[in-house]
Structure formats: structure tokens, C-alpha cells
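Accompanying notes for the structure given below.
Since the structure is predicted, the reported quantities are computational estimates derived from the model, not experimental observations.
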Amino acid sequence: MRLSRRCCRQGAWIAFLVFLAVVYICLQTRLEGEEISPRVVGLVGTSASSLSATAPTRSNQEHFVDSADTPKCEGDISSFIGEGGQFPVVLLAHQRPTVLNKTLQSLMGLEGFSPDRLLVAQDGNDRAVSKLLDEMKLHSLQHLPATRSTSGDAWKIAANRIARHYKWSIEAGFHHFQSPGLIIVEDDLIFSPDFLTYFQATAPLLDCDPTLWVISAWNDNGFEHLVHDRKQLQRTQFMPGLGWLLQRKIWDNELAEKWPMEISAAKQKVQTLNWDHWMRDPSQHQGRSVLFPQMPRAFHNGSVGTFMDPKMHQRYFAKIMINQENISWKIPSIQSSRELDPDVLAAQYDRYEARVIQKLKSAHVPNSIPELSQLMLSKKNVLAVWIDVDPESSGPVNQGKFGAVARFFGMWHEAKRGAHRGMHELWWGETHILLLNLHFKVGYIEGSWKNSPDGRCTASPAVSLNAIACDPESKLPCCSSGGWCGQSPLHCDCKRCFDFRKMLPNYRQLMPPTAKVFTSQDFASATPPARIVTRKMCCAVRCLSFGDAQVSLAGSHFVKGPSVWLEYCMGDERQQESTYADHGMYRAHSMCISRCIVCMTWK
């Protein structure tokens with residue numbers, strides 16, 4: 001009898017263990033069979049459960065979500081806009097009355113502008129600036145700090161002064177206006193006709209997409225030859241600035257107390273970097289993205305400033321393509337059931353990633369630089385260009401590792417500008433280019449930790465395609481310089497450590513097995529293909545004042561008088577470059593944008 005009972009108990013245990021084994025195998029099979037979706041990074045330091053609670057639901061990302069699943073955004077911003085509220089503008093100024101006047105003229109000509117929703121925050125008491133603001137009867141406040149740092153490196157002193165003025169201006173703006181957000185601009189910008197309505201249309205997405213935290217009007221790579229669609233919205237973890245919307249709750253809960261403006265009382269030395277560099281740090285964005293338009297809604301008009309000179313402006317700002325059409329955006333309201341504009345809805349995380357996946361599935365994958373150049377000049381192609389290039393070794397302009405890639409495409413030499421999960425979206429005429437960086441510093445390979453059950457990770461892989469990360473949602477989310485997953489400061493905070501909670505996955509798992517992965521050496525000696533601007537730009541400009549200037553150019557002219565009209569057309573950029581060099585048309589075009597109220601139409 002005892003033996004029989006013992007056998008029964010043993011049989012029951014064996015059956016139970018077999019049952020557990022079957023369940024485990026089924027779960028593993030299911031997990032391995034599922035497509036691994038991109039991870040959404042939540043607040044740094046939160047638990048795995050809280051991360052999953054804040055992340056948006058991952059529906060089937062291979063298809064666009066049905067209209068029945070369209071999110072109805074609810075929150076402070078959506079309620080504010082739905083009830084007819086319009087965002088106020090805080091304009092930061094210092095001691096440049098001429099460029100400030102152009103900025104104000106441009107701003108006041110925008111649809112939806114009201115002087116009651118503008119606050120000019122003046123750094124100091126420059127008389128010419130104060131006089132201009134008084135003459136225009138605009139509400140302004142002067143920031144007169146009791147003390148200013150005068151010791152240390154000049155750039156650090158300047159960065160500290162600007163950061164202090166930014167904080168003072170933002171706090172003054174939120175105190176003056178009872179709105180859930182502020183549009184922040186500086187005194188050297190010219191605006192698109194739809195600049196204000198762009199923010200009204202896009203801002204509600206902040207309420208229903210926790211992967212976003214800021215909206216910008218600027219595209220760092222919005223050059224004439226790299227943009228195509230006026231309404232397409234893109235994502236980046238690199239804060240662009242130059243006209244941006246800040247949420248009150250982000251300011252109150254995350255940024256205000258730790259804003260980079262403190263000075264050591266003992267040494268009187270600035271202890272921080274530029275405010276915009278600080279905003280780009282993962283500790284601030286926490287894996288969240290900035291939404292920005294493919295075609296910028298602002299033009300940087302100032303060629304001389306604290307951190308700007310004519311050479312830098314000519315290289316990176318003069319050929320930025322500002323939208324000059326008054327685009328119609330759907331503004332969510334109670335009457336429209338608070339529905340988002342279709343182009344705004346397409347930027348919601350699930351839909352955005354679904355679009356990328358669709359593009360990658362149909363994309364041509366070049367296997368050599370000559371083939372890439374040929375495909376770039378073809379019409380209506382989608383190209384997926386896979387690269388493995390260190391994003392932090394940019395070095396001098398166009399000389400670092402990514403500099404060779406940047407020179408080829410004619411974009412910023414800093415790899416992180418405008419990138420989303422290591423991907424840049426560019427246009428070359430009618431050809432859509434997805435430039436995808438797989439370097440381990442850009443983003444981790446989703447699920448790679450399953451290949452390392454012993455807790456090892458790849459600290460500095462020679463080949464990024466084989467890099468093993470730590471699970472960001474586990475208790476050991478960081479990789480030490482020695483290649484072990486953990487959660488201590490030695491794993492997360494050292495110079496060569498990787499905190500994967502502050503990173504996003506790259507697109508490695510969507511790369512075809514036979515795809516060519518280019519390196520910086522492949523681009524080093526490559527001749528870039530001819531740049532293409534697919535439309536002719538006809539510029540009709542009313543120049544406010546050129547004094548006694550009288551210049552004759554190919555296809556255009558200036559005449560004497562206080563107010564004249566100028567009109568000229570420019571063809572594709574290959575022709576423009578020689579024309580500019582021979583006749584100065586490019587300088588004239590820049591002068592018009594900077595000195596005039598500009599009205600452009602595309603033909």
C-alpha cells in the first residue's frame with residue numbers, strides 16, 4: 001500500500017513537471033514566432049511594469065491601423081485647442097534690433113497671430129531694442145540679472161548667460177500666459193505662413209503619444225535637395241530647437257528645477273553646457289522623440305551670433321528650404337470630434353513605424369556606391385542604405401567617420417541630428433532614401449540579450465551587427481565597460497557604460513540577410529551624385545528698403561527706391577551652384593530672405 005501511494009505521488013510530480021515543460025515550450029515558441037516590435041522607453045529609473053503601462057499598445061505594425069482605432073487625444077493640450085485656445089509665443093531677444101525687426105514683421109504677418117499672445121523677453125536693456133518694442137507697442141519684459149559670470153572660457157560664459165535667459169523667459173511666459181504650452185522662438189527667425197497653425201494641428205498628439213515630448217518647426221537636414229513633402233512629419237531624439245513647443249507639465253515636472261544655469265559660488269565658473277545640448281541628453285529626453293516637419297517652418301536669418309558665424313551659416317542654414325505655402329491643417333475641435341489631421345495622425349508611433357516597415361519591405365538595397373548613385377538619380381525609387389558608422393566620431397566638418405557619409409548626401413556632419421533610431425529620411429529628387437545606421441552607439445538590437453543567458457553584453461564590439469545588449473526592462477539594464485549587465489553606477493554611469501533604458505532599438509532586425517552594410521571608408525573617396533531640386537522656385541519679394549542699391553543679376557534686378565518688387569526663378573541646384581558663383585544670385589537670394597517679407601510659390 002505504501003509503495004502504491006509513493007508511486008502515485010511520484011507519478012503526479014512527473015505529470016506536473018511534464019505539464020510545466022509543455023507550457024514553457026509553447027510560450028517560447030510563441031515568443032520566438034512573434035515579430036519583435038520596437039521598444040518604447042519610459043521614464044528613466046522606472047520599473048518594467050510602469051514602463052509597459054506607459055507604452056502605447058503595439059498593434060500589428062505591418063499594416064496601418066484602421067480608422068476605427070484612431071486615437072481621440074485627451075489631455076490639457078487637446079482640451080485647450082478643442083475649446084478654441086491658441087498657443088502664445090515667447091520671443092527671446094538681446095541686442096540685435098535689425099534682425100529682431102525682421103522677425104517681428106514675419107511673425108505679425110502670420111495667420112492666427114495676435115499681439116495679445118506675444119511676450120518679448122529682452123535680455124538686458126539695449127536701447128535700440130527697447131525703442132523698437134515701444135514703437136511697435138508690444139508687451140515685453142526685461143531680464144536684468146543681478147550678477148553675471150565674468151570668469152572662465154568665453155563660450156561657457158555665453159552659454160550660461162543664454163541658458164539663464166532661457167529659464168527666466170520660459171518662467172515669465174508660463175506666469176504671464178495660462179496655457180498648457182508655449183511656442184518659443186528667438187530674434188533671428190523668419191516664419192512660414194502656416195507656422196502657428198502647424199503647432200495648433202500637431203500639439204494634441206502630445207496628449208495621446210507618450211513617445212513624444214517636444215514639437216519643433218525645424219529640420220536640421222531640411223536642405224533644398226533633401227526635402228520633398230511639405231506636410232510629412234518626422235521624429236528624432238535630437239532636439240532641433242529654432243521654433244519649438246514646450247509643454248507646461250514637462251517644464252514644471254522635469255526641466256525647471258535642473259535647468260543648466262548654475263554657477264559655482266566658490267570658483268565662479270560655469271558648470272554646464274549649452275541648454276540645447278543639455279536638452280539632447282538622454283537624461284532629459286528619456287528616449288522620447290521630438291516631432292518636426294520634413295520641410296522646415298522657420299528660416300534662420302542671423303548669420304552672426306554668439307555661436308554663429310557667416311561660414312557656419314552658409315554651410316548649414318542658408319540652403320534650408322522653408323515652406324512658403326499657407327498649408328491647410330486640420331485643427332482638432334469640439335465640432336470635429338477632436339479628430340487629428342491625417343498627416344499628424346500618420347506621425348503617431350504605431351503608424352509611423354508601420355510606414356517605415358512598409359517602405360523597407362519594398363526598398364531597393366544597393367550593394368555598391370556606384371549602384372547607389374545610379375539609383376539615387378532614378379525616379380520614384382525607395383532605397384534602404386544600411387551603414388555601420390560611429391555617430392560620435394564626427395570630428396571636424398566632413399572629416400570624421402560620419403563626415404564622409406554627410407559629404408556624400410550633403411547633410412549635417414553630426415550623425416544624430418534628425419535621426420530616429422539611427423535612421424535619416426531623405427529625398428533625392430523623386431527618390432526616397434532611408435539611411436539606416438546600425439552602429440551600437442545609435443541603438444541596440446532588440447532581443448539580442450536572449451543570445452547571452454549568462455548576463456554578458458558587448459561593451460565595444462568590433463562589428464555592431466553582432467552586438468549584444470542588456471534587456472532595458474529587466475533588473476540589469478546597463479552594460480559595464482567590462483561587458484557585464486547590471487544596475488550599479490559602475491554598469492550605468494561610467495564613461496564606457498551603456499544604459500539601454502535611455503536608448504531606442506535600431507532597425508537591425510528589418511535588414512535583409514544579404515544586404516550590403518556600408519562603412520565610412522566606402523564613402524570616403526566616393527563622388528556624390530548631382531543634387532536635384534525637383535521644382536523651380538519662383539521668388540516674388542517685396543524688399544522693404546535697399547537704400548541706393550542697384551544690382552543687375554541674371555534674371556533679376558534691384559532698383560533704387562524705398563520699396564521695390566523683385567522676382568526671379570531658380571532651376572535645379574546643379575545649375576544654381578554655378579550661377580551663384582558667377583553672378584551672385586545666391587547672395588542676392590539670401591539677402592532677400594533676410595531683408596524682405598518673402599512670398600514664394602512653387603511651380
So, taking the atom named NZ in K502 and the one named CD in Q286, what distance separates them when rounded to the nearest 0.5 Å?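 These two atoms lie 9.0 Å from each other.
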Do [Y] and [X] meet the salt-bridge criterion of a basic N to acidic O distance under 4.0 Å?
X: R96; Y: D188; result: yes
X: D390; Y: K441; result: yes
X: R417; Y: D220; result: yes

Going by atom types alone, do [X] and [Y] pair a side-chain donor with an acceptor below 3.5 Å?
X: Q142; Y: S130; value: yes
X: H94; Y: D187; value: no
X: D343; Y: Q232; value: no
X: S140; Y: Q122; value: no

Counting heavy atoms not belonging to K258, are there more than 12 under 6.0 Å from its NZ?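 Buried by this count: over 12 neighbours within 6.0 Å.
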Using a 6.0 Å cut-off, check whether atom CG of D126 has over 12 heavy atoms from anything other than its own residue.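 Atom CG in D126 is packed in, count exceeds 12.
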Both conditions, 6.0 Å and 45 degrees, for the charged tip of R235 above the ring of Y352: are they met here?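 Output yes; distance and angle both within limits.
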Checking salt bridge (charged side-chain N to carboxylate O under 4.0 Å, His left out) for the pair R161/D123: CA distance, chi angles, key distance, verdict? CA-CA 9 Å; R161 176 182 58 79; D123 185 11; 3.0 Å; yes
Would you call the rings of H228 and W427 parallel, tilted or perpendicular, taking 30° and 60° as the class edges?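 Judged by the thresholds at 30° and 60°, the geometry between H228 and W427 is parallel.
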Quick one: sort the F195 and F199 rings into parallel, tilted or perpendicular, breaks at 30° and 60°.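 Geometry flag for F199 against F195: perpendicular rings.
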Between [X] and [Y], is the gap from one ring center to the other below 6.0 Å?
X: H176; Y: H139; result: yes
X: F87; Y: F80; result: yes
X: W244; Y: W275; result: yes

Do [X] and [Y] have side-chain heavy atoms sitting under 4.5 Å apart?
X: W259; Y: W278; result: yes
X: L182; Y: W251; result: no
X: W428; Y: L226; result: yes
X: Y198; Y: K231; result: no

ring-ring contact (aromatic ring centres under 6.0 Å, His included) partner of W412, chosen from F402, W218, Y316: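 The single option meeting the ring-ring contact (aromatic ring centres under 6.0 Å, His included) with W412 is Y316.
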Full working for side-chain hydrogen bond (donor to acceptor under 3.5 Å, both in side chains) between E111 and N326: CA-CA 9 Å; E111 179 183 349; N326 194 7; 3.1 Å; yes
Residue pair [X] / [Y]: nearest heavy atoms and the distance that separates them:
X: Q284; Y: M279; result: CB-O, 3.9 Å
X: P528; Y: F408; result: CB-O, 3.3 Å
X: K249; Y: D207; result: NZ-OD1, 4.5 Å
X: P332; Y: L340; result: CG-CD2, 3.7 Å
X: S216; Y: P240; result: OG-CB, 3.6 Å
X: A415; Y: A419; result: O-CB, 3.7 Å

Would L119 and L91 satisfy side chain to side chain contact (heavy atoms under 4.5 Å, CB included), going step by step from the backbone distance to the final call? CA-CA 6 Å; L119 174 65; L91 193 160; over 6 Å; no
Test R288 against every option in L212, V214, D209, I250 by the side chain to side chain contact (heavy atoms under 4.5 Å, CB included) rule and name the one that passes.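 Running side chain to side chain contact (heavy atoms under 4.5 Å, CB included) over L212, V214, D209, I250 with R288 returns exactly one hit, I250.
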